[in-house]
Each structure stands twice: as C-alpha cells, then as structure tokens.
Amino acid sequence: MSPRSRVTIRDVAAHAGVSHQTISRVINGNERVSPETRQRVEQSIQSLGYRPNAIARFMASGRTYTLACFSPNLTDFTFASIIEGAEIEARRHGYFLFTASAPDEATFHRLVDELVVSRRTEGLMIINPYIDNRQDHLPVNNPAVLIGAQSKHAHISSICLDELPAGMTATRHLLELGHTAIATITGPLIEDCTLERHEGYLQALKSAGIEPDPRLQVEGDWSATAGDLAVRRLLNSGVHFTALFAQNDRMAVGAIRALREAGFNVPADVSVIGFDDMPLASYFDPPLTTIKQDMTAMGRNAVNLLIDRIASPSSDNQQIRMPVELVI
C-alpha cells in the first residue's frame, strides 16, 4: 500500500480478519460485537491509521460523533491537561472534541445552545461545574459528565479527585516534619475542590490535637500573585507559622517568593507544600514538595464515561474519585 493512499474500511477488515460490516459496527458503537473482536478491530484501526469519513458516518448512522468540553478557561494548566487527555481519548474512539471557554454562566448557557443543541453534539463534559449556577443549564436528554466535582444530580456521572484525603495527606506531611503552626492558602471558597481540600487540612490538624487557627487560613484565587499577597498578609498580621500548605503550585511559588523577600529561608525557616505537581515543580528552587494529580488521566476517563453513557443511555451513572500522590 502506497504511503499516500487512503486506508479504507476494507483494508482494516483484511488486517483484522473480519468483515467490513463488523468494522462498521465497531466504528458506530454497535454492541453486537464481542469485546475480543472489538479490541482487535481497534488495534487494526490504530495500526493502519484509518480515519472514518465523517460525512459517510453521519449518513449511515445519523450520528455526529462529536463531543464538547466546556472549561472556565483554556489557559489554566490543570484545565488544559484535562482537555489534552480528553482530546486524545476522544480521537482514539473516533470522536471529534469541541473545546470552549465558558468564564461565566451566561457564556456557558449560550455555548450549550450553539454547540450541544444546534450542532447536535452527542455528549458534554463540564470542568468545574459548580463555580456558578451553570449546572442549571445542562442540556436535557443529552449525556453529560462533570469533571472536578462530584455530581449533585443522580442522573449525571462525574469524575474528580479524592480531594479531602489529599488535603489531609498534604497537612499530615507537614505535621510529620514536626510543624504545629501550619498556615494554608486556599482556592476560591465557592469551589467544591477548595472546600474539600480545606476540610482535609482541618481534620488532619484536629487529629493531631491541634485546634485550627482562623488567622492562619487565607483565601486565594489560584494565581501566584494570590500566594504572594496571602503570605504578606500573614506576615503583616504577626501570626506565627513555620509551614504552609498552598492549594495549588502557582500559589505556592508566589508564597515562596514573598517569604524570601521577607528574609525567610525555604524550607529551613518555613516548609511549603503545593498541589498539582506542575511539570516545572521539580525545577523550582528549592524543588517543590506537592500533591500530584493525573489530570490527563482524568480527561481520558471522563471521555470513556461519556462514550459509555452515549452507547447505553439506560446504564447506571458513575461517581468516580481518583487518588492522588505525595511527591517529596
């Protein structure tokens, strides 16, 4: 076969040792295919680089094979990593993924009308679904998966981190280092992940016999600037602390900068732990201890939840919590 020739459905059928009708069933999500045959066909599709013709697929099945993912923005490292994983997995299953930034409820509502309703998108993923009332505008009778917070709707699947144990893990690490005066910089307190991580922080302190000090708890907005300002606020208040848990790596970096400018050595004077394990975390000075979350895996899993829901609308919804890892 010439490198430039287009791979056809019959080429895939010959490679997989099945009929072209079987290939079509796999591509169109027909359940009348055994798992073993489906796996063999998917391997042949990937090996040969076969790309189904979108128009032909729509004419044959009436389906668009498109998914959508709406995020508060497209620049945040965490959100971008989720979208990257989702896009790769969607493509692997023969779907095209629309991505869009929905910074507010009104934009989200408009995007639902434009992409999900008008363009017949088959399924929708929503990152950070509870930052406002956008969940009130979820499309009716259209499969959806929430990412970053557990679903409050019995009929909608979700996938998120196991946030509360993660907050406990970060705080316990600082306690095990001998710290008792542990400050924290949270994300926005309207977000579920912030509240659960903070609850983990509080529970870890109480389990160690330490009464949490409200003066050591400062709200941020996930930015490095917020970390910087939070530390300056703590220092100006005169409250004593020897360790700091920042709920993301960017705020941790801002906090370290403010501590250094105030004459503190990190970690000799103040230990700092972040959350995310950004790619550059190990290159910070000093390298940042952090909580690792696999956001690309979360994106992949979200797509699989959505495709399963599309294939079996009557199947049970799933609420998945993914584990995290302490990186020292």
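Values below: all heavy atoms of this structure, side chains included; hydrogens, waters and symmetry mates excluded. Positions are given from 1 along the sequence.
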(message) Between I307 and L97, is there shared hydrophobic-cluster membership here, with clusters defined by ILVMFWY side-chain heavy atoms closer than 4.5 Å?
(response) yes

(request) Determine, using ring centers only, whether F70 and F108 are less than 6.0 Å apart. (result) yes

(message) Can a donor-acceptor pair be found, under 3.5 Å and without considering hydrogens, that links the side chain of D276 to the backbone of M278?
(response) no

(message) Looking at every non-hydrogen atom in both residues, tell me the closest pair between A100 and L115 and how far apart they are.
(response) CB-CD1, 4.4 Å

(message) If I compare all heavy atoms of L138 with all of Q135, which pair ends up nearest, and what's the gap?
(response) CG-O, 3.2 Å

(message) Has S237 got a side-chain atom pairing as donor or acceptor with L234's backbone, closer than 3.5 angstrom?
(response) yes

(request) Grab the two heavy atoms, one from N142 and one from G123, that are nearest each other, plus how far apart they are. (result) OD1-CA, 3.6 Å

(message) Taking the side chain as everything from C-beta on, heavy atoms only, tell me whether M322 gets closer than 4.5 Å to N301.
(response) yes

(message) With heavy-atom distances below 4.5 Å as the criterion, would you say the side chains of D249 and L288 are in contact?
(response) yes

(request) Kindly determine whether R309 and V145 satisfy side chain to side chain contact (heavy atoms under 4.5 Å, CB included), including the steps that lead there. (result) CA-CA 9 Å; R309 188 65 175 163; V145 170; 5.8 Å; no

(request) Report whether L216 and I185 are members of the same hydrophobic cluster (ILVMFWY, side-chain heavy atoms less than 4.5 Å apart, transitive linking). (result) yes

(request) State yes or no: do F241 and V253 share one hydrophobic cluster built from I, L, V, M, F, W and Y residues joined by side-chain heavy-atom distances below 4.5 Å, directly or via other members? (result) yes

(message) Could you measure the distance from the CG atom of L161 to the CD1 atom of I320? Nearest 0.5 Å is fine.
(response) 12.5 Å

(message) Any salt bridge linking D269 with R260? Criterion: basic side-chain nitrogen under 4.0 Å from a carboxylate oxygen.
(response) no

(message) Using side-chain heavy atoms (C-beta onward) and a distance below 4.5 Å, is I291 in contact with T169?
(response) yes

(message) side chain to side chain contact (heavy atoms under 4.5 Å, CB included) for N73 and F79? Distances and angles first, verdict last.
(response) CA-CA 7 Å; N73 64 67; F79 301 157; 3.7 Å; yes

(message) Do the side chains of R38 and E42 get close enough for a salt bridge, i.e. N-O under 4.0 angstrom?
(response) no

(request) Could you tell me the separation between the CD1 atom of I127 and the SG atom of C160, rounded to the nearest 0.5 Å? (result) 13.0 Å

(message) Whether the side chain of N133 engages the backbone of D136 through a donor-acceptor N/O pair (distance < 3.5 Å, no angle test) should be reported.
(response) no

(message) Any heavy-atom pair between the side chains of V303 and M125 that's under 4.5 Å?
(response) yes

(message) Quick one: does any side-chain atom of E191 pair with a main-chain N or O of G187 as donor and acceptor, under 3.5 Å?
(response) no

(request) Assess the pair F96 and F98: is the distance between their ring centroids shorter than 6.0 Å? (result) yes

(message) Under 3.5 Å, is there a donor on one side chain and an acceptor on the other for T296 and D294?
(response) yes

(request) With sequence neighbours excluded, give me every salt bridge (charged side-chain N to carboxylate O under 4.0 Å, His left out) pair touching residues 79-101. (result) E87-R91, E89-R92

(request) Please confirm whether the backbone N or O of H93 pairs with a side-chain atom of Y65, one donor and one acceptor, at under 3.5 Å? (result) no

(message) Determine whether Q43 and H15 satisfy the following criterion, side chain to side chain contact (heavy atoms under 4.5 Å, CB included), listing intermediate values before the conclusion.
(response) CA-CA 10 Å; Q43 289 174 345; H15 189 274; over 6 Å; no

(message) Using every non-hydrogen atom in the two residues, find where P143 and I310 come nearest and quote the distance to one decimal.
(response) CG-CG1, 3.9 Å

(message) Please check this pair: side chain of S151 against backbone of I156, looking for a donor-acceptor N/O pair closer than 3.5 Å.
(response) yes

(request) Might you point out which heavy atoms bring A258 and D228 nearest each other, and give the distance in Å? (result) CB-O, 3.6 Å

(message) Counting C-beta onward and ignoring hydrogens, is there a side-chain heavy-atom pair between Y95 and L306 closer than 4.5 Å?
(response) no

(message) Going by side-chain contact (heavy atoms from CB on, under 4.5 Å), H109 matches just one of R134, H137, E114. Which one?
(response) H137

(message) Given 3.5 Å as the limit, does a donor-acceptor pair link the side chain of D162 with the main chain of P165, or not?
(response) no

(request) Drop me the distance from C69's SG to L124's CG, to the nearest 0.5 angstrom. (result) 7.5 Å

(message) What I want to check is whether the side chains of T22 and S19 have a donor and an acceptor closer together than 3.5 Å.
(response) yes

(message) A side-chain contact here means heavy atoms from C-beta on lying under 4.5 Å apart; do L205 and L175 qualify?
(response) yes

(request) With side-chain hydrogen bond (donor to acceptor under 3.5 Å, both in side chains) as the test, would you mind laying out the steps for H198 and T186 before giving the verdict? (result) CA-CA 7 Å; H198 190 55; T186 73; 5.8 Å; no

(request) Determine, step by step, whether S34 and T37 satisfy the side-chain hydrogen bond (donor to acceptor under 3.5 Å, both in side chains) criterion, reporting the C-alpha distance in whole Å, the side-chain angles of both residues, the deciding distance to 0.1 Å, and the verdict. (result) CA-CA 5 Å; S34 70; T37 299; 2.9 Å; yes

(request) Treating Ile, Leu, Val, Met, Phe, Trp and Tyr as nodes and any side-chain heavy-atom pair under 4.5 angstrom as an edge, say whether I273 and V327 lie in one connected cluster. (result) no

(request) Taking S81 for its side chain and F77 for its backbone only, find out whether a donor-acceptor pair lies under 3.5 Å. (result) yes

(message) Test: salt bridge (charged side-chain N to carboxylate O under 4.0 Å, His left out). Region: residues 163-188. Which pairs qualify, not counting sequence neighbours?
(response) E163-R197

(request) List the atom of T194, the atom of W222, and the distance in Å for their closest heavy-atom pair. (result) OG1-CZ2, 3.3 Å

(request) Find out if a path of hydrophobic residues (ILVMFWY) with successive side-chain heavy-atom gaps under 4.5 Å connects I147 to L195. (result) no

(message) Within this structure, what is the OG1-CG distance for the pair T242 and L174, rounded to the nearest 0.5 Å?
(response) 8.5 Å

(request) Assess whether atom CZ of R40 is packed by more than 12 heavy atoms of other residues, nucleotides or ligands within 6.0 Å. (result) yes

(message) How long is the straight-line distance from OG1 of T184 back to CD of E219, given to the nearest 0.5 Å?
(response) 11.0 Å

(request) State whether the side chain of N128 and the backbone N or O of I131 hold a donor-acceptor pair below 3.5 Å, judged by distance alone. (result) no

(request) Examine the side chains of D277 and Q293 and answer whether a donor and an acceptor come within less than 3.5 Å of each other. (result) no

(message) I want to check something: taking the side chain as every heavy atom from C-beta on, are P267 and V270 in contact at a cut-off of under 4.5 Å?
(response) no

(message) Looking at G148, is its backbone amide N or carbonyl O close enough to the side chain of Y130 to form a donor-acceptor pair, meaning the two atoms are under 3.5 Å apart?
(response) no

(request) Indicate yes or no: at least one non-hydrogen side-chain atom of S223 is less than 4.5 angstrom from one of M251. (result) no

(request) Check Q150, R321, Q319, K152 against S158 for a side chain to side chain donor-acceptor pair (under 3.5 Å) and give me the one that passes. (result) Q319

